[in-house]
Amino acid sequence: MNGWFLSAGATAAGVAAMHAIAGGRDVVRPLLAGSLPDEPRRVLHAVWHMVTADMVLAAAALIWLALRDRPGSDTIAWLLAAHFVAYSAVFLAVSLAASWSKPLLRLPQWMLLLPVAVLAAVGAA
């Protein structure tokens, strides 16, 4: 068993749960109650759920990789690490582009996503 992949998968599962629960309350509900036109509001709602599904599947894949040595597992883990690095980079870029004080703390999602990437990469190395 690869403990690094298991840690990455468990962390990703926790992040997915936080996304679905806290994000649903703090982001999706206000989004749906907002004054955006119906079509973009529904597209953003669908994208929200797509990201939830994406993170759940990534967590499942990392846990599956952890359970036993599989051909190509390192390649899959590197791809999943890159996936979470990309998510982190998007949050960092959006945060830093805003005119906020303490922008790195205003959208802290990158701090939750980046550890998944690091754990998966260490497990694949």
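Computation of the quantities below employed the complete heavy-atom set of this structure, encompassing side-chain atoms and omitting hydrogens, waters and symmetry-equivalent molecules.
Using a 30° and 60° split on the angle between ring planes, Tyr87 and Phe84 fall in the perpendicular class, above 60°.
Here the closest heavy-atom approach between residue Ala59 and residue Ala13 is recorded as CB-N, 3.5 Å. Of all the heavy atoms in Met55 and Val15, the pair that sits closest is SD-CG1, 3.9 Å. Nearest heavy atoms, Ser95 versus Leu107: OG-CB, 3.2 Å. Closest non-hydrogen pair, Ala124 versus Trp78, comes out as CB-NE1, 3.4 Å. The nearest pair of heavy atoms linking Phe5 to Ala120 is CE2-O, 3.4 Å. Gly123 approaches Asn2 most closely through the heavy-atom pair O-ND2, 3.2 Å.
Put simply, CG on Leu32 and CG on Asp38 are 9.5 Å apart, with the number rounded to the nearest 0.5 Å. How far CG of Leu80 is from CG of Leu62: 4.5 Å, rounded to the nearest 0.5 Å. Rounding to the nearest 0.5 Å gives a distance of 11.5 Å between CE of Met50 and CG of Leu44. Taken from CH2 in Trp64 to CZ in Arg70, the straight-line distance is 4.5 Å, to the nearest 0.5 Å. With values rounded to the nearest 0.5 angstrom, Leu96 atom CG is found 5.0 Å from Leu104 atom CG. Expressed to the nearest 0.5 Å, how far CG of Leu114 lies from CG of Leu92 amounts to 7.5 Å.
Listed by chain and number, the hydrophobic cluster partners of Ile63 are Met1, Leu6, where partners are ILVMFWY side chains within reach of under 4.5 Å, directly or through others.
Among residues at least two apart or in separate chains, there is no ring pair (Phe, Tyr, Trp, His ring centres under 6.0 Å) pair with a member in residues 94-115. Residue pairs meeting the side-chain hydrogen bond (donor to acceptor under 3.5 Å, both in side chains) criterion with at least one member in residues 4-25, sequence neighbours excluded, are His19-Thr52.
With hydrophobic clusters built from ILVMFWY side chains whose heavy atoms lie under 4.5 angstrom apart, Met18 does not share a cluster with Val56.
Looking at heavy atoms from C-beta onward, His45 lies out of side-chain contact with Arg41 at the 4.5 angstrom threshold.
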